[in-house]
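Inspection log for the structure reproduced underneath, given as C-alpha cells.
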Amino acid sequence: MQRKNGKLGIALVGLGGYATGQLAPALLHTNDCYLAAIVTGTPSKIPVWQDQYHISDKNIYDYSNFDRIKDNKDVDIVYVVLPNNMHAEFTIRAAQAGKHVICEKPMAITVSDCDRMIEACKKANVSLSIGYRLHFEPYNKEMMRCGREKLYGAIQQLSGGFGFKAGPNQWRLTQKYAGGGPLMDLGIYVVQALCYTAGMLPVSVAAQEGTKTDPERFKEVEQSLTWQFEFPGGLIGKGESSYEDHFNYIRAEADKGVFELTSAYNYNGQRGNTPAGNMSFAQVNQQILQMDAFARSVKNRQASIVPGGMGRRDVIYLQAIYEAMRSGKKIRI
Ligand code: NAD
C-alpha cells in the first residue's frame, strides 16, 4: 500500500458535478486520503484539475486506458462518480486492477450488476463501499440511534420524502443511464432513512406513480413516486420522491413523541428535533468524514460501515418499489 504522509491515494473516475463540487474540494482536507489521480473523458478538464490539485502527468487516465491504473502505486482507492449505468463496469475494472472501491449511489441499476460488483471485489480481495455520506452526518446518525435504541418507544407513524426540481436534458432523466427517475437519485436516501429510523428492514412494499405534469421532460422516467414499506410488526413507512416538488424530511411519531429531521438529506443545513428538544450538532463536511472513514477501514483491514451489501440491499428495494408501482400490487421483499 503506497502512502503519501500516511494518506491513501484516491482516483476520481468521472469529473462531473459531484466530483468537482464536493469530492475533490473535500479531498484537500482529508487526513487519511488525498486526490492522487483522475480519470476523465474530457481532455479540457485535465489542465484545470492538474493545476488545482497538483496531479502528476502519470496519474491522468481516460476511460479506455483506465485499466493501466493497476500498475500505479500512487492509487489505493478508486472512487466511481459516473452515471448510474456505468457504476458496475468501472467498479469491476477497478477491482480487477487491485484497487479498493467507493462507488456512488445507487450502487447499480440492477441487482445482478450489484452481484457482479461484489463478486469482483471479493475475488480481488479489495473492499467495496457505497457513497452513503449521511451515515457520517450527526443529525442522521441521531435518527439511526433513536431507531436502533427505540429511545422514544415504538414508532406508530413513519414517513420521509426527498424531492427537488430537476432541469431538462440530463442523463438523470433517461432510463438507460439512470435506471429510473427521482427514486433512483433521491428516493434512495428516503429508503435508507426509513430503514435506519425504523431500525428494521421492510418485508413488503406498495407503490404509486405520481401524475406527470411535464410529460415531455419525463418521457422515460417517473416524475414522482410514493411508496409504503411494511416493516415486521406492521409499521408502515411512507416514502415519496419527486423531480418537481421540493421536500426533504424524515419523521417518526413514536409512543413518547415525534423525532424528525425537517431538513434531512442535503450536504449541510440539517435540522431536527426530538421529544427532548431541538437537535444541536456541529455541521460537518460529510464527504471528508466518509472518505476518511473508508481510507481508515482499508488501512485497518476492516469492512466499510456502508458496504456493497448495503448498496445491493437498497437496489433490491428500489426494484421492488418499481415492480409494485408498475403492477399495482404489493410486492414481498
Ligand atoms: P454529472 O452529470 O455532473 O457527472 C457525470 C460525469 O460522468 C461527467 O463528468 C461526465 O462527463 C461523465 N460521463 C462519462 N460518460 C458519460 C456518459 N456516457 N454520459 C454522461 N456522462 C458521462 O453527474 P453527478 O451529479 O456528478 O453524478 C455522478 C454520480 O454521483 C451519480 O451516480 C450520482 O447518483 C452520484 N451523486 C451522488 C451524490 C451524493 O450526494 N452522494 C451527489 C451527486 C451525485
Side-chain angles (χ1 to χ4, degrees), residues 10-27 37-46 48-49 60-66 78-91 93-94 101-110 113-114 117 128-137 140 162-193 220-221 241 243 248 263-270 284-291 293-294 304 306 308 310-311 314-315 318:
I10 291 196
L12 287 177
V13 186
L15 308 181
Y18 192 52
T20 308
Q22 304 300 324
L23 297 175
L27 282 164
I38 51 174
V39 184
T40 177
T42 314
S44 61
K45 290 180 183 169
I46 295 171
V48 183
W49 278 70
I60 311 279
Y61 295 88
D62 61 31
Y63 300 122
S64 56
N65 68 19
F66 167 71
V78 166
Y79 197 148
V80 180
V81 207
L82 292 163
N84 304 346
N85 70 324
M86 301 171 75
H87 291 179
E89 177 190 339
F90 280 86
T91 295
R93 286 169 68 182
V101 188
I102 310 175
C103 175
E104 258 316 317
K105 42 60 59 177
M107 179 171 170
I109 284 179
T110 65
D113 274 353
C114 296
M117 294 158 82
L128 171 59
S129 184
I130 308 301
Y132 285 140
R133 56 184 166 76
L134 292 172
H135 285 251
F136 305 89
E137 191 286 314
N140 281 272
F162 192 13
F164 54 68
K165 194 166 178 124
N169 306 323
Q170 49 166 326
W171 63 261
R172 281 185 168 78
L173 301 178
T174 67
Q175 186 64 32
K176 178 180 167 197
Y177 285 96
L183 178 66
M184 296 297 280
D185 192 27
L186 309 179
I188 187 169
Y189 289 99
V190 182
V191 163
Q192 279 251 319
E220 296 190 22
V221 300
S241 66
Y243 267 159
N248 189 329
S263 175
Y265 309 110
N266 291 342
Y267 302 143
N268 48 46
Q270 273 71 15
V284 299
N285 182 306
Q286 300 167 25
Q287 288 82 7
I288 293 177
L289 297 181
Q290 175 212 325
M291 290 188 282
F294 184 62
S304 162
V306 284
M310 182 185 277
D314 293 342
V315 173
L318 298 174

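Just so you know, residue 1 is the first one in the sequence shown, and it goes up from there. Ligands are counted one by one from 1 in listed order, and the atoms in each one are counted from 1 as well.
- At a 3.5 angstrom cut-off on N or O pairs, P106 does not count as close to ligand 1.
- A 4.5 Å side-chain heavy-atom check between I130 and M310 finds every atom pair outside the cut-off.
- Residue A19 has no nitrogen or oxygen atom sitting less than 3.5 Å from a nitrogen or oxygen atom of ligand 1, judged on distance alone.
- Using a 4.0 Å cut-off between heavy atoms, Y18 contacts ligand 1 through both its backbone and its side chain.
- Residue-to-ligand polar distances keep Q287 apart from ligand 1: every N/O pair is separated by 3.5 Å or more.
- Heavy atoms of Y132 found under 4.0 angstrom from ligand 1: none, in either backbone or side chain.
- Using cut-offs of 30° and 60° for the angle between ring planes, the F162 and Y189 rings count as perpendicular.
- Every side chain to side chain contact (heavy atoms under 4.5 Å, CB included) that M86 has, sequence neighbours left out, goes to L82, P83, F90.
- Residue M86 has no nitrogen or oxygen atom sitting less than 3.5 Å from a nitrogen or oxygen atom of ligand 1, judged on distance alone.
- T40 is linked by a side chain to side chain contact (heavy atoms under 4.5 Å, CB included) to L15, T42, K45, I46, counting only residues two or more places apart in sequence or in another chain.
- There is no protein heavy atom closer than 4.0 angstrom to atom 10 (C) of ligand 1.
- Looking from atom 2 (O) of ligand 1 to the surrounding protein, the closest heavy atom is W171 NE1, 2.7 Å.
- If you look at Y18 and Y267, their ring centroids are closer than 6.0 Å.
- For K105, a nitrogen or oxygen atom sits less than 3.5 Å from a nitrogen or oxygen atom of ligand 1, counting backbone and side chain alike.
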Practice problem: Show your working on salt bridge (charged side-chain N to carboxylate O under 4.0 Å, His left out) between E137 and R133 and close with a plain yes or no. | Solution: CA-CA 7 Å; E137 191 286 314; R133 56 184 166 76; over 6 Å; no

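- Residue contacts with ligand 1, taken as heavy atom pairs separated by less than 4.0 Å, do not involve M107 at all.
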